[in-house]
Protein chains: 2
Amino acid sequence: MTKKRTTVKAEETRARILDSALQLFREKGFDEATMRDIAEEAGVATGAAYYYFRSKEDLVMAFYVRTADEARELFPKVIGESRDLQKRIRAILDLKFGQFARHRRLLVALVRIGIDPAHPLSPFGKETEPMRDESIDSFRLAITDSTTRIPKDLQDDLPRLLWLYQMGLILFWMFDESPRQQRTKKLIDGSLDLIVRLISLSALPLMGPLRKRMLDVLSAVE
Amino acid sequence: MTKKRTTVKAEETRARILDSALQLFREKGFDEATMRDIAEEAGVATGAAYYYFRSKEDLVMAFYVRTADEARELFPKVIGESRDLQKRIRAILDLKFGQFARHRRLLVALVRIGIDPAHPLSPFGKETEPMRDESIDSFRLAITDSTTRIPKDLQDDLPRLLWLYQMGLILFWMFDESPRQQRTKKLIDGSLDLIVRLISLSALPLMGPLRKRMLDVLSAVE
DNA sequence: CTTGTAAATTGAACACGTTCAAAAACAAGG
DNA sequence: CCTTGTTTTTGAACGTGTTCAATTTACAAG
């Protein structure tokens, strides 16, 4: 029962619409670029865009899926360059921010969509689970067999925490209007160093109870 | 040069529109309640709503201003009940969450507005500065002359950090669909305890360099 | 080549947030 | 009571995202 015959031509149309959308989003911003603009730029009728994408927001999501596919390819190379924990996390962050750099403004639209828990495209929702898990797993790969010793009981939850940390950084970056977003750069430099230090610190014998307390909070919450 | 004569009747109309809006927002949600609904409920024409409020989102902001006014009155009573740091912060949080409880869904709309750095109503923007400062100052009042000893160099920045912490909690609460939002409750219980412990811990002699490093990051960022 | 069916495409229509010129209500002075 | 200027109110109109019945196109089967 083949439900989709999807010709090559159809795939081309889809790509043309998405490309037109991204171009216009970047030129004029998400709100300013209208679906009629996008369709015209792609050389199709307005309704055609809705044949390929559920909504205007879905176009942004399609962009995100694209970057995720790209990241999947680049990831092994990026992670393989060092076994130092800090350098590895840094490499992941650089990859992500590098991908988003040209579309910083578009990220506002992405977050505005995701911030609604009821929205299917929310980063905490069901539909985005695979991508989220993949992203979290990339941090898991980064910490395993790294040179920094990580307490056993922390190993399970740390990837998720780092993912959350990354989300926070992206949020900050969105708001950062300093030239070339150098404030975000400084924040990453400073905070990442701090975090790695805290992880090392938390491995000290006396820190067991405090660590346990933190992990208890985490497990009670999810 | 009195530019606004604003009669009593006009003020009543404004209040009626805002009340209708909040009622409908709560009944049907922000997106589902249309401006035409709101106007009809208030017994005015559609355009009237735009005479008193710049936009639909502005109605949400007006609600927020209302709660802030209310909080200003309740604050002294709430803070005066104890000198214990944890209890005080807890009291502030309880006040905030108590106010928002009935309108949890509406908060999504509020955050969706605020997440856009370019939007005038963004919580980090110019227009919301007074309210933000007031909120930060409430934390400043809570830590001064509390029983917990707070390192001198930390005293300036801690209020802002706590404000950020509060924002994070509100975000979590927004996504929390557990019965009566008990997961948020647990998170507050656990994290607040942790934070107060960390503050105490950071006051230990050996922690000076780490504290300084953190403060350096903060100052480099803003 | 013809035909039947699914995929692809169209463009008018809908509901929405928002704007605005015009009308109405109101206040103050004569 | 008029007149004049300001505040308030109206409702039609605009541009938007989105839907959908209708049409055209693509292609496999006969």
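Reminder, nothing fancy here: chain letters follow the sequence lines and each chain counts from 1.
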Provide, to the nearest angstrom, the distance between the CE atom belonging to A/M35 and the P atom belonging to C/dT9.
15 Å
State plainly whether the residues B/R72 and B/E134 are in salt-bridge range, i.e. N to O under 4.0 Å.
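The answer is yes: the pair qualifies as a salt bridge.
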Take A/G43 and B/R54, find for each the nucleotide of DNA chain C with the closest heavy atom, and name the residue whose nucleotide sits nearer the 5' end.
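Per heavy-atom nearest nucleotide, the more 5' residue is A/G43.
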Any base atoms under 4.0 Å from B/A33, or only sugar-phosphate, or nothing? Heavy atoms, all strands.
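The residue B/A33 makes sugar-phosphate contact but no base contact.
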By the 4.0 Å heavy-atom rule, please label A/F53 as base, sugar-phosphate, or nothing.
nothing
Under a 4.5 Å cut-off applied to non-hydrogen side-chain atoms, are B/I143 and B/F139 in contact?
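Not touching, per the 4.5 Å side-chain cut-off.
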Are the side chains of B/E27 and B/Q23 in touch, meaning some heavy atoms are under 4.5 Å apart?
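Counting from C-beta outward, B/E27 and B/Q23 do come under 4.5 Å.
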Whether [X] contacts [N] is assessed here as follows: a side-chain N or O lying under 4.0 Å from the phosphate OP1 or OP2. Is that the case?
X	N	value
A/Y51	C/dT9	no
A/S55	D/dG17	no
A/T34	D/dG15	no
A/Y50	C/dT9	no
B/K9	C/dA27	no

Measure from the side-chain heavy atoms of A/V44 and tell me the nearest of C/dT10, D/dT9, C/dG17.
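Given the options C/dT10, D/dT9, C/dG17, the side chain of A/V44 is closest to C/dT10.
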Toward the 5' end of DNA chain D, which comes first, A/F30 or A/G47, by nearest nucleotide?
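Checking each residue's closest nucleotide, the 5'-ward one belongs to A/F30.
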Under 3.5 Å, is there an N or O donor on one side and an acceptor on the other linking the side chain of B/R36 and the base of C/dG17?
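Answer is yes: a donor-acceptor pair is held.
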